[in-house]
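Below you'll find the structure, written out as structure tokens, and then a few comments.
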Amino acid sequence: KLGGQEWNKTKSRVRGAVKNIAKELVELYAVRQEKEGYVCGPDTVWQKEFEEMFPYEETEDQLAAIEDTKKDMESTKIMDRLVCGDVGYGKTEVALRAAFKAVQESRQVVYLVPTTILAQQHYNTFVQRMKEFPVKVNLLCRFLDPCKLLFIIINREVDPSKIVIACTGFCCQDIFCTHNDALHVLHFLFTDKSGCLGIIKYDFFTHNPVSFSCVRFTISVRYYTTS
């Protein structure tokens, strides 16, 4: 009941929880600001060939987002970048080019999405775009047989140079953090429809702020801008 005693207690608990989350986030970003990330080299011949295979003409904003992302990848700072745009504005292509650049450096890319259908769609897109190159793309979702899922998860340690498309249910301690020895090769964590991830993404990073060198690239829908 609004205005009742229970309502006031609930508001008080939520207010306290928000303050705790804000405090932990400030501490997390402070740690990330002090650390240096992995520095990627300049674009390779394969990178240029891959980008030339894009079947559409890039928009000015799309090219700007791609260029800014590459500059961050080639610097020492750990990137936290937000790319916003409506459906069909080419956000996925920004992610594809950045992921391809990271994989060429023998770094692993994890792409998190909120739904199984979206995971399958992105998996199909990544496989189609990278079929001419020796890049491994794996899918982690409930469509797969449990034995196949376990094989992909464990195989990350011995074959880390690949891209993993996963639902948010796999962004948890018992999946991505069980095999900590492999996490040092994780270079990119993409999150699509980031507003749907909420506390899952936050909890993952607060428990693993410095256990691996991770560059975050968050993809959301709405007005297109870069920061």
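The first residue of the sequence shown is numbered 1, and numbering continues consecutively from there. Every heavy atom of this structure was used, including side-chain atoms; hydrogens, water molecules and symmetry mates were not.
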Handout entry: Gap between atom CD of Glu105 and atom CE of Met73 - 0.5 Å precision
Key = 7.5 Å
Exercise for the section: Would you mind reporting whether Val103 and Met130 have side-chain heavy atoms less than 4.5 Å apart? Expected result: no
Problem - Heavy-atom side-chain contact between Asp43 and Glu51 under 4.5 Å - result: yes
Exercise for the section: Give a yes or no answer on whether the side chain of Thr69 reaches the backbone of Ala65 with a donor-acceptor pair at less than 3.5 Å. Expected result: yes
Handout entry: Same cluster (ILVMFWY, side-chain, under 4.5 Å), Met53 and Trp46
Key = yes
Problem - Glu24 and Asn20: CA distance, side-chain angles, deciding distance, side-chain hydrogen bond (donor to acceptor under 3.5 Å, both in side chains) verdict - result: CA-CA 6 Å; Glu24 291 182 12; Asn20 290 336; over 6 Å; no
Exercise for the section: Please round to the nearest 0.5 Å and tell me the distance separating atom CD of Glu49 and atom OG1 of Thr44. Expected result: 8.5 Å
Practice task
Identify the two heavy atoms, one from Val109 and one from Ala102, that lie closest to each other, and give their separation to 0.1 Å.
Solution key: CG2-CB, 3.9 Å
Handout entry: Interatomic distance, Glu57 atom CD to Leu63 atom CG [nearest 0.5 angstrom]
Key = 9.0 Å
Fill in the blank from the handout: dist Ile163:CD1 -> Arg107:CZ (nearest 0.5 Å) comes out at 14.0 Å
Handout entry: Heavy-atom closest pair, residues Lys101 and Cys40
Key = CE-CB, 4.2 Å
Exercise for the section: Kindly work out whether a path of hydrophobic side-chain contacts (I/L/V/M/F/W/Y, heavy atoms less than 4.5 Å apart) joins Phe54 to Val137. Expected result: no
Exercise for the section: Report the C-alpha separation of Gln104 and Gln47 in whole Å, then their side-chain angles, then the decisive distance to 0.1 Å, and conclude whether the side-chain hydrogen bond (donor to acceptor under 3.5 Å, both in side chains) test is met. Expected result: CA-CA 9 Å; Gln104 289 180 87; Gln47 182 76 30; 2.9 Å; yes
Exercise for the section: Measure from NZ or CZ of Arg97 to the centre of the six-membered ring of Phe50, then state whether that distance is under 6.0 Å and the direction lies within 45° of the axis. Expected result: no
Handout entry: Taking every non-hydrogen atom, the tightest pair across Lys91 and Val83
Key = CD-O, 4.1 Å
Practice task
Determine, for Lys23 against Glu27, whether the closest basic-nitrogen to carboxylate-oxygen distance falls under 4.0 angstrom.
Solution key: yes
Handout entry: Nearest-0.5 Å distance, CD1 of residue Ile66 to CG of residue Asp61
Key = 11.0 Å
Completion exercise
Rounding to 0.5 Å, atoms CG (Leu118) and NE2 (His122) come to a distance of 4.0 Å
Exercise for the section: Mind telling me whether Phe126 and Tyr111 have parallel, tilted or perpendicular rings, with 30° and 60° as the class edges? Expected result: perpendicular
Practice task
May I ask you to test the Val18-Arg15 pair for a side-chain heavy-atom distance under 4.5 Å?
Solution key: no
Problem - Ion pair Glu52/Lys48, N-O distance below 4.0 Å - result: no
